[in-house]
Amino acid sequence: MARPVRIANFSGAMGDRFSAFEEAVQGDPVDVVIGDSMAEITMSMVVAGFHGNREARRGFFSEFFLRQLRPQLPAIAEKRIKVVTNAGIYHPAGLAEAIRTEVAALGLSLKVAYVTGDDLTDTAKHLIADGQLSHLETGAALEIDPSELLAVNAYLGGWGIKTALDEGADIVITGRVADASLVTGPAAWWHGWDRGELDKIAGATAAAHIIECGPQATGGNFAGFTGIADNTLPGFPIAEVAEDGGFVITKRAGDGGAVTVDTVTAQLMYEIQGPRYLNPDVTWHTDSIELAQEGPDRVRVTGARGSAASQTTKVGINFQRGYRGATWLFPTGLDVDAKIDVLKAQADRARQDHPVDELHFFVCGQPAPDPQDQWQATVAVQVAVAAADQKTVSGFLNQFCSYGLGSIPGFYIDMTQMYSLGGQPRIDYWPGLVRQADLHHQAHLPHGHVLDIAPPPDTVVFTGQPETPSSASASFGPTATVPFGQVVYARTGDKGANANLGVWTRDEAAWPWLAAFLTADRLRELLNCPRDVAIERYEQPNLHGISFVLRGYFPPSGSANLALDQIGKSLGEFLRARHVDVPTALLH
């Protein structure tokens, strides 16, 4: 049996810490380094730059990654490390060719392959006519002129990556693949798995989900960060994936952060849609795994189960939905509520002349009762608007700001935005579906050959998540009113227009109480969640937690909504700040 493959992450999104690639290559020995450049909201920001020239998008790949890679090529060759990344973005062939040029200039023998088949932009018209690209949750048809679609990219499985590695590639460049494919492909290559070994592939999918966001697995964005001694720059994680699909999460010795059951749980509870995690190669049963602290900065994960993949795979579709803009104002001192009322009235007046479609006020905080400096007396207010045309957005913002001399006492705005009130493209993200059998998934090999990658041999029609009944209410003794965060951790993120919220207990003993206490109705009350947002609740007993999906929390999507916390990163911390009645027996 082969030893576990050591796979190190160096990126959770394009623009992640630049030094992480060098650290992955030059640090503790690893077999594969992987990096994700294509976070969904990042891609919406990228295509916003091409809204006036869709064709220019075709030549885009991550120059950022190329700059990371260039100085490390000799070390990659010497250490025989494999590199796998989706930094090819919309032009994996272009990035692969640029890397080959660099390799040749250095006289190295590294072999570069790339994977295609994700870009469906040119075939979207025919797919829509065939009834595909419908919304993956609602089933609604995509009623957008195909000529207005900025990018249409399917989430590919890991077998194209595995094939390229099988054929001798040292560096594999992809466009859009499923997040987990960057790990499942190398793991399947290393261990020689076939496509029917679903439990093993599910294990690699779980490992990928933990390390795909880089230092989020080692203490980044972790609610318990105060318990981590070195929390300034958490290191990037490493997954040691064994032949049976079990794995250990660790990090480089000497790096900041920590790997604990809770830091790993935080990532496992992040951005999942219930007990069934859909992937192009497997359906991972998220409620099957078990965690154990094996040693310092080592968490072992076992028990992953998998079943057949869905017949369809996700498609990320970007198109422009008009324009958006915002400005910041800072009411200070006394009568803050009255000052905000004046600002709202002035915004309503500007809207009469420039009728924006949406107008939102976000008031952040309250001034301190006896402020010791000006900033303790200050409240931040964002005014955000959206409209179909740029002229309306810029007209509103400029007119609203022109009221300054006749506005509230102490009126001022963020001067860094003073000369950029013209409005920006508002890019929507539509999660669609396409049949895997209709994809043209290919591996372009180092020697010039091209191999077709067949879809999974056995697939099923996904019929929805299994429901989790709420635990029966029970008495847990006398209570005290405390911040919820004294007994739970939380992690939140986005999936399209939905918020994903994972809540788990800080102490195993609190799990029966949490299961009974935190119903969907209780969560709605604590978050003051609008009634038109449907809340789905799924228990994860092995993790002592509950996963919630708040459907429609970010209308119309994570990239196009006007919320200040646009993808809900702080929603869990808001929940933990709410005061609730907790059994005193659980308080330490």
Side-chain angles (χ1 to χ4, degrees), residues 41 220-226 231-232 324-348 350-351 356 358-386 396-397 400-401 403-404 407-418 420-421 481-494 499 501 503 522-530 533 550 553-555 558 561-580 582:
I41 195 165
N221 291 353
F222 175 47
F225 74 102
T226 58
N231 60 19
T232 302
R324 61 189 298 162
T327 189
W328 284 93
L329 306 102
F330 303 94
T332 303
L334 303 178
D335 303 320
V336 163
D337 290 342
K339 290 172 181 175
I340 291 170
D341 288 341
V342 171
L343 293 173
K344 288 180 177 179
Q346 290 179 332
D348 288 337
R351 194 176 192 179
V356 293
E358 296 180 54
L359 168 62
H360 297 271
F361 264 76
F362 298 99
V363 181
C364 304
Q366 288 290 322
D370 181 19
Q372 300 303 299
D373 60 34
Q374 179 179 341
W375 316 118
Q376 291 184 14
T378 301
V379 172
V381 176
Q382 188 194 60
V383 181
V385 295
F396 171 90
L397 291 173
F400 175 68
C401 291
Y403 296 152
S407 188
I408 61 175
F411 178 96
Y412 69 99
I413 67 172
D414 180 359
M415 294 302 291
T416 62
Q417 298 182 8
M418 184 64 182
S420 58
L421 298 177
T481 302
V482 299
F484 200 9
Q486 285 196 19
V487 287
V488 300
Y489 290 133
R491 170 72 70 78
T492 48
D494 71 301
L501 168 62
V503 183
R522 181 70 56 75
L523 181 73
R524 185 184 300 279
E525 175 188 346
L526 291 171
L527 295 180
N528 193 23
C529 187
V533 173
L550 283 62
Y553 193 80
F554 304 116
N561 72 81
L562 297 187
L564 181 57
D565 183 7
Q566 194 172 350
I567 53 176
K569 291 293 187 179
S570 289
L571 188 62
E573 289 304 287
F574 167 48
L575 176 66
R576 294 180 68 242
R578 293 301 311 269
H579 285 214
V580 300
V582 176

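What's counted below: heavy atoms across the whole structure, side chains too, no hydrogens, waters or symmetry copies. Note that the coordinates shown come from a computational prediction; the quantities given were computed from them, not determined experimentally.
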Counting distance only, does the side-chain N/O of Q376 pair as donor-acceptor with the main-chain N or O of Q372 below 3.5 Å? yes
Distance (rounded to the nearest 0.5 Å) between L526 CG and F574 CZ: 8.0 Å
Gap separating the CZ atom of R576 from the CZ atom of F484, nearest 0.5 angstrom: 10.0 Å
Judged by atom type as modelled, is there a donor-acceptor pair below 3.5 Å linking the side chain of R491 to the main-chain atoms of N221? yes
So, taking the atom named CD1 in I41 and the one named CG in D494, what distance separates them when rounded to the nearest 0.5 Å? 6.5 Å
Using a 4.5 Å cut-off on heavy atoms from C-beta on, say whether the side chain of H579 contacts that of V482. no
Tell me, do R578 and N528 make a side-chain contact under 4.5 Å, heavy atoms counted? no
Anything under 30° is parallel, anything over 60° is perpendicular, the rest tilted; go ahead and classify Y403 against F400. perpendicular
Just wondering, do V488 and L575 contact through their side chains at under 4.5 Å, heavy atoms? no
Would you please indicate yes or no on a ring centroid separation below 6.0 angstrom for F222 and Y489? yes
Side chains of I413 and C401: closer than 4.5 Å at any heavy-atom pair? yes
Output for pair (N561 CG, I567 CD1), nearest 0.5 Å, gives 9.5 Å
All heavy atoms of L562 vs all of Q382, minimum pair found to be O-OE1, 4.4 Å
Taking only residues two or more places apart in sequence, or in another chain, which ones meet T327 in a side chain to side chain donor-acceptor pair (under 3.5 Å)? none
State, yes or no, whether a side-chain contact exists between Q346 and S407 at a heavy-atom distance under 4.5 Å. yes
Answer yes or no: are there more than 12 heavy-atom neighbours, outside L334 itself, under 6.0 Å from its atom CG? no
Report yes if the side chains of V381 and P331 come closer than 4.5 Å at any heavy-atom pair, otherwise no. yes
T332 side chain reached by V379 side chain, heavy atoms, under 4.5 Å: no
Using 0.5 Å steps for rounding, measure from the CG atom of L523 to the CG atom of L550. 6.0 Å
First locate atom CZ of F330, then atom CH2 of W375, and finally report the distance between them rounded to the nearest 0.5 Å. 8.5 Å
Are F362 and V383 packed together at the side-chain level, in the sense that at least one heavy-atom pair is separated by less than 4.5 angstrom? no
Could you go step by step and tell me if L343 and F411 meet the side chain to side chain contact (heavy atoms under 4.5 Å, CB included) rule? CA-CA 10 Å; L343 293 173; F411 178 96; 4.1 Å; yes
Counterpart residues, side chain to side chain donor-acceptor pair (under 3.5 Å), relative to K344 (two or more places apart): none
